[in-house]
Amino acid sequence: MTDAQPLTQVKEGVFSSFILHPSSLIFMDIIHSVAALRERLQRVPNNVFVPTMGNLHDGHIQLINVAKPRAACTVVSIFVNRLQFGPREDFDRYPRTLEADCAKLKAAGVDVVFAPDEREIYPEPQTYVVEPSDLQHILDGAARPGHFRGVATVVLKLFNMVSPHSAIFGKKDYQQYIVLRDMVRQFALPIEIIPAETVRAPDGLALSSRNNYLAPEDRREAPRLHQVLARAHDEIMGGARDYQRIELHGMSELADRGWKPDYVTVRRQADLQPPQAGDREIVVLAAARLGATRLIDNIEVFIR
Ligand code: PAF
């Protein structure tokens with residue numbers, strides 16, 4: 001067992017903590033200011049970045065496991081970004097669990113945690129924003145106007161603060177991954193965007209901080225979203241090409257079980273547009289409300 005020590009402030013804005021490990025001492029800096037972050041990263045400019053909003057679960061640890069072998073220094077940010085939440089969304093009740101998050105990050109071997117407050121990221125109203133392509137208006141963007149603008153804007157700022165050579169994003173937020181991949185390409189940012197596989201509970205439910213909102217009976221029902229996607233995957237692999245029928249079937253199965261589906265849709269992986277004849281790299285995406293909780297998930301299909 002490791003033995004966690006209390007955090008100690010080693011210089012202004014930089015907190016250092018360590019755990020005793022049988023073979024080594026593992027240090028992790030917890031940094032709150034951009035100035036201290038830049039100073040810390042001057043020492044190890046070879047860094048890989050995992051941006052998060054905290055409330056970490058095994059899906060985030062998977063992102064860190066993908067990150068760690070790629071650089072000398074793994075940086076994780078924890079920041080609940082107001083800009084990407086709509087006025088009636090869960091910004092205020094989004095779980096803030098910094099202490100528990102830091103314990104998990106330390107155990108996962110993270111080197112630097114950047115946990116700024118809002119004034120650090122938005123010292124003045126953010127009047128300059130990243131306006132993603134029309135991709136921001138479809139699927140999740142249609143249900144959450146302004147969401148991808150908020151995501152792209154904060155991620156660009158975080159990239160400028162961390163200056164990583166690579167950044168990891170989970171495929172569970174598939175549209176987010178595509179928007180950010182395109183942003184990096186179009187602005188010629190010297191950052192490689194690396195997608196990481198979705199982590200699932202044993203019953204198939206994709207891990208998400210929002211799963212905590214589910215009432216017990218909804219939690220039992222929630223794996224249906226993945227089941228609907230898995231069936232669509234199998235149908236397409238079995239030769240089905242009537243994508244509209246597959247979509248309607250998925251939507252009606254969810255609605256019959258009390259969900260309020262926003263979409264079940266078959267798209268191309270490359271640009272999330274409807275597939276053309278001959279497209280072989282497909283993704284089936286779904287978003288639906290179960291009780292008060294909106295869940296999203298997707299499954300890639302590689303047609304042979
Ligand atoms: O995926 C998330 O947790 C957030 O959208 C991100 C990328 C950290 C930006 O706030």
Side-chain angles (χ1 to χ4, degrees), residues 34 49-55 59-60 77-96 114-162 167-187 189 191 193 195 206 208-213 225 259-265 267 270-274 283 285-298:
V34 178
F49 181 38
V50 181
T52 81
M53 297 203 301
N55 194 228
H60 297 103
S77 66
I78 296 178
F79 178 66
V80 184
N81 173 38
R82 186 187 292 275
L83 236 56
Q84 70 189 70
F85 287 79
R88 284 191 301 279
E89 291 185 353
D90 54 346
F91 174 77
D92 287 329
R93 69 178 180 129
Y94 200 88
R96 273 86 166 165
F114 178 44
D117 67 14
E118 268 201 288
R119 275 163 310 171
E120 196 64 22
I121 298 291
Y122 299 123
E124 56 188 293
Q126 187 68 32
T127 51
Y128 284 61
V129 295
V130 179
E131 199 65 62
S133 71
D134 283 351
L135 197 54
Q136 69 169 315
H137 301 304
I138 62 170
L139 306 176
D140 259 18
R144 307 183 67 189
H147 172 69
F148 290 111
R149 183 192 305 127
V151 169
T153 301
V154 80
V155 169
L156 181 63
K157 288 192 87 159
L158 291 167
F159 281 173
N160 285 331
M161 293 164 180
V162 177
I168 318 293
F169 293 92
K171 283 194 200 171
K172 175 172 166 291
D173 298 308
Y174 208 87
Q175 191 174 1
Q176 168 173 282
Y177 154 58
I178 300 291
V179 165
L180 295 173
R181 183 204 62 187
D182 289 0
M183 175 183 84
V184 161
R185 193 183 61 237
Q186 291 220 345
F187 287 124
L189 302 180
I191 300 170
I193 299 296
S208 162
S209 302
R210 292 193 170 97
N211 294 350
N212 298 332
Y213 299 153
L225 194 61
W259 297 66
K260 291 198 176 57
D262 282 340
Y263 57 81
V264 175
T265 187
R267 298 291 167 117
D271 56 8
L272 301 185
Q273 297 304 311
V283 57
L285 306 108
R289 213 168 274 281
L290 184 57
T293 308
R294 186 171 183 277
L295 298 177
I296 63 171
D297 200 355
N298 64 79

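Quick note: residue numbers are just sequence positions, from 1. Small disclaimer: the values here were computed from a predicted structure and weren't measured.
Applying side chain to side chain contact (heavy atoms under 4.5 Å, CB included) to Val130 and the options Val155, Val154, Leu156 leaves one that passes, Leu156. Among Leu285, Asp173, Leu225, the single residue meeting the side chain to side chain contact (heavy atoms under 4.5 Å, CB included) criterion with Ile296 is Asp173.
Look at Arg144 and Asp262 and you find no salt bridge, because none of the NZ, NE, NH1 or NH2 atoms lies under 4.0 Å from a carboxylate O.
Atom CG of Asp117 sits in a crowded spot, with more than 12 heavy atoms from other residues, nucleotides or ligands closer than 6.0 Å. Around the CZ atom of Arg185, the shell of radius 6.0 Å holds more than 12 heavy atoms that belong to other residues, nucleotides or ligands. For Gln186, the CD atom counts as loosely surrounded, since its 6.0 Å shell holds 12 or fewer non-hydrogen atoms of other residues, nucleotides or ligands.
Under the 4.5 Å side-chain criterion, counting only non-hydrogen atoms from C-beta, Glu131 is in contact with Gln136. The shortest distance between side-chain heavy atoms of Ile138 and Gln175 falls below 4.5 Å.
Scanning all heavy atoms of the two residues, the minimum distance from Phe79 to Pro116 falls at CD1-O, 3.6 Å. Ile193 and Leu180 get closest at one heavy-atom pair: CG1-O, 4.4 Å. Minimum heavy-atom separation, Ser209 to His60: OG-CE1, 4.1 Å.
A donor-acceptor contact shorter than 3.5 Å is absent between the side chain of Lys172 and the backbone of Ser208. The backbone N or O of Tyr94 sits less than 3.5 Å from a side-chain atom of Arg96, completing a donor-acceptor pair.
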Check your understanding: How far apart are the C-alpha atoms of Ile178 and Arg181, what are their side-chain angles, what is the distance that settles it, and do they pass the side-chain contact (heavy atoms from CB on, under 4.5 Å) test?
Key -> CA-CA 5 Å; Ile178 300 291; Arg181 183 204 62 187; 3.6 Å; yes
